[in-house]
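Every number for a ligand or one of its atoms is a count from 1 in the order of the listing.
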Amino acid sequence: MEMRLPKAGTIEIVPSILSADFARLADEIGAIESAGVNMVHLDVMDGHFVPNITIGPPVIARLRSVSNLVFDSHLMISEPAEYAEAFVRAGADHITFHIEAADEPRKLIDKLHELGCTAGICLNPETPVERIKAVAPLCDMVLVMTVHPGFGAQKFMPEAAKKIAQVREIVGPDIRVEVDGGIDAQTAPVVVSYGADTLVAGNAIFSKSDPVAAINAIRHAVQ
Ligand code: DX5
Ligand code: ZN
């Protein structure tokens, strides 16, 4: 199976459908495709690891049939290893799991690679970078949360964003560093200056009447 995560070296704006209209997901994804993005961020929540519940493999499988974007699946769930295979089968191209939820992160990264999927590890705002130091270099992308996971449209946490620079130092230039939470045209240049290259944005894109213009505004801010 081909690995579809774009190689490091480009800035990718990755719309999160969490703030999209869930009754019109295919249309909403079609709109961001027309803006020329390569990836879409799919937030999976289990009501256990985080206090909210969103979508799972059946929804991702249906979206797979209407979109060729790279599916960046952010698993905010307990026991991610139990469900990894179901998400790959549904059509996830990249799977990020939380270090706080994984007993054997190294094993799960290997499993994802064996399944033909790129692997990502994620840190909550209060989790020190030290926790992922050993496994981050084995991943294809590391995700730094700049809000507490669970909900869209929260306020950007500037202190948490500073960890991006530490992560970049650990992984070097060839592994993507993604940031998620409160990213808009104001905060995007800040996280890029710390070394982020993959910018998730939900509210800043889908709460706007013109999502394409909103994507272009973020792009423009980081160019
Ligand atoms: C938060 C999710 C995010 C969320 C970001 O728990 O992981 O991906 O969609 O939304 P904004 O961009 O609105 O902060
Ligand atoms: Zn997310």
Next item on the list: Decide whether Ile17 and Val37 are clustered together by the hydrophobic rule: side chain heavy atoms of Ile, Leu, Val, Met, Phe, Trp, Tyr closer than 4.5 Å, transitively.
Entry: yes

Next item on the list: Identify, chain by chain and in numerical order, each protein residue with a heavy atom under 4.0 Å from an atom of ligand 1.
Entry: Ser16, Leu18, His41, Asp43, Met45, His74, Met76, Met145, Pro149, Gly150, Phe151, Gly152, Ala153, Asp180, Gly181, Gly182, Val200, Ala201, Gly202, Asn203

Notebook entry, point to check: Which class fits the ring pair His98 and Phe49: parallel under 30°, tilted 30 to 60°, perpendicular over 60°?
Noted result: tilted

Do the non-hydrogen side-chain atoms of [X] and [Y] ever get within less than 4.5 Å of each other?
X: Ile99; Y: Cys122; value: no
X: Pro125; Y: His148; value: yes
X: Val191; Y: Phe156; value: yes

Note to self: Quick one: does any side-chain atom of Ser65 pair with a main-chain N or O of Arg62 as donor and acceptor, under 3.5 Å?
What the structure shows: yes

Margin query: Donor-acceptor pair, distance only, cut-off 3.5 Å: does the side chain of Arg4 make one with the backbone of Asp93?
Written below: no

Checklist line | Heavy atoms of other groups near Phe71 CZ, more than 12 under 6.0 Å | finding: yes

Next item on the list: Have a look around the Zn ion (ligand 2) and list protein N/O/S atoms under 2.8 Å, or say none.
Entry: His41 NE2, Asp43 OD1, His74 ND1, Asp180 OD2

Next item on the list: Check each of Leu138, Val142, Asp140, Ile132 against Val171 using the side-chain contact (heavy atoms from CB on, under 4.5 Å) test, and report the only one that passes.
Entry: Val142

